[in-house]
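Below is one structure; the comments refer to it alone.
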Amino acid sequence: MKPMGPIPPAFADQHGDLVIAGKTWADWIEKAGDTPLFIYDFGIVAAQIAALRAALPAGVGIHYAVKANPFAPLVRAIAPLVDGLDIASAGELTLVSREAPGLPVSFAGPGKRDDALVAAITAGVTINLESAGEATRSLALGDRLGIAPRLAVRVNPSFELRGSGMRMGGRASPFGVDAEAVPALVAMIQRAGAEWRGLHIFAGSQTLDTAAIIDSQAATLALAGDLADRIGATPPLVNLGGGFGIPYFPGDRPVDVTAIGCALGDALASASASLTGASYAVELGRWLVGTCGVYLTRVIDRKESRGETFLVTDGGLHHQLAASGNFGTVVRRNYPVAVTHRMGEPAVDMVTVVGCLCTPLDRLADQVTLPQAEPGDVIAVFLAGAYGLSASPTAFLGHPLPTELLAGLPDNPNAIFTS
Ligand SMILES: Cc1ncc(COP(=O)(O)O)c(C=O)c1O
């Protein structure tokens, strides 16, 4: 038997039928018409944002990284609750222009093509520059368009976010401009007449180490102060990045956002004078939306093979790659899963839950113990709200796309938005 991660608190203490955003799993399947499907409970997202707001020092903005979950109704619902959006492509720019008009947008990510830069400059989006070459191209395109581009510099810091599942600092990197080269680049874009929007320092993703996040934010502020000194100007915005993780696996503990907020308040109070007047933001995806999602998939077959039991489902890694351990993890571990009509029942049956793809990688849960499940029963895979469908190889083997549903809007509890 192999352990699995903790079921998120909103679903953990249920008995009998799994209830998501006030409706049972069976209600949701009826609404979707079929399995597999994703349900996102927006009440959970709203609660995460409210908890973060309460923890952060006043005035520190919250930006949502759309890449975590670009489901249009979710982006539309989040927009009024956050202070900005982070996008990573021209496609995401089209999405946020439609779903969240008027909200400040910044555009990070390497390999921005000229047509994407043109769209961003035209839309007044802040481009987080990943290199000197991107700066030169943005300035030339701005000249051609007759628009002063809004440019911030993404800094490749000399430190990394400890404990991070995906490190994005402290090494040679396609992301950001090496810290020591930033003052000269800012001087160049200022001379060229661009609007310098500040600094973006994103050191890593998915860390559960509260102390590491606190240290990284303090180091980020110190670096921003030092760069502001050397630039000789206050950055309008210091984007402090994020990297807050969520518990996926056995033994994982949530980050302590209250402690992070307190420490950030102290660090801001003693920040360099060169930062006086700067605005601040954190940029998060997974922590805001990861726990809101549940993926439901039906058992098609139950088979024994050489002493092991397999529950073969109609879903798989083409929808929920992360649960198969093939997105951002080195060692495969089990996400929390459950039999939807047997919540809280004793786990009596050791099974491996697989998807319907012809690859041994397609395991949604490996040798876990669950209540007994038979063909026709439905398995819930939790923690499907971030880097789920949009981070999965949906075209592989030509299976249909799953339905996505958003519900649980606090001011509109009966509304359901579907894909
Ligand atoms: C620039 C940038 N911002 C935000 C994020 C979102 O990170 P997370 O979903 O871990 O909060 C990422 C993730 O890779 C990123 O690269």
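Ligands are counted one by one from 1 in listed order, and the atoms in each one are counted from 1 as well. In this text the structure is predicted, and so the values were computed from the model without any measurement. Computed over heavy atoms, backbone and side chain alike; hydrogens, waters and symmetry mates excluded.
A 6.0 Å sphere centred on CZ of Arg253 holds no more than 12 heavy atoms belonging to other residues, nucleotides or ligands.
For ligand 1, the atoms sitting less than 4.0 Å from at least one non-hydrogen atom of Ala65 are 4 (C), 5 (C), 6 (C), numbered in the order shown with element in parentheses. Distances below 4.0 Å separate heavy atoms of Leu284 from the following atoms of ligand 1: 11 (O). Short contacts between ligand 1 and Arg286, defined as distances under 4.0 Å to a heavy atom of the residue, involve ligand atoms 8 (P), 9 (O), 10 (O), 11 (O).
Across Trp287, Tyr387, Phe107, Phe244, heavy-atom proximity to atom 9 (O) of ligand 1 is greatest for Tyr387.
A cation-pi contact, defined as under 6.0 Å to the ring centre and within 45° of the axis, links Lys112 to Phe107.
Separation of the Phe11 and Phe382 ring centroids falls under the 6.0 Å cut-off. Outside the 6.0 Å centre-distance limit, the rings of Phe175 and Phe202 are not counted as a close aromatic pair.
Under a 3.5 Å cut-off, the side chain of Ser419 and the backbone N or O of Glu404 do form a donor-acceptor pair.
A heavy-atom separation below 4.0 Å is found between Phe202 and ligand 1.
With a 4.0 Å heavy-atom cut-off, ligand 1 is reached by no atom of Phe175. Contacts between Asn128 and ligand 1 below 4.0 angstrom, taking non-hydrogen atoms only, are absent altogether.
Of the polar atoms of Ser205, at least one N or O is found under 3.5 Å from an N or O of ligand 1, judged by distance alone. Residue Gly285 places at least one N or O, backbone or side chain, under 3.5 Å from an N or O of ligand 1.
Of the listed residues (Tyr387, Tyr335, Phe327), just one forms a ring-ring contact (aromatic ring centres under 6.0 Å, His included) with Tyr248, and that residue is Tyr335.
When all heavy atoms of Arg332 and Ser324 are compared, the closest pair comes out as NE-O, 3.4 Å.
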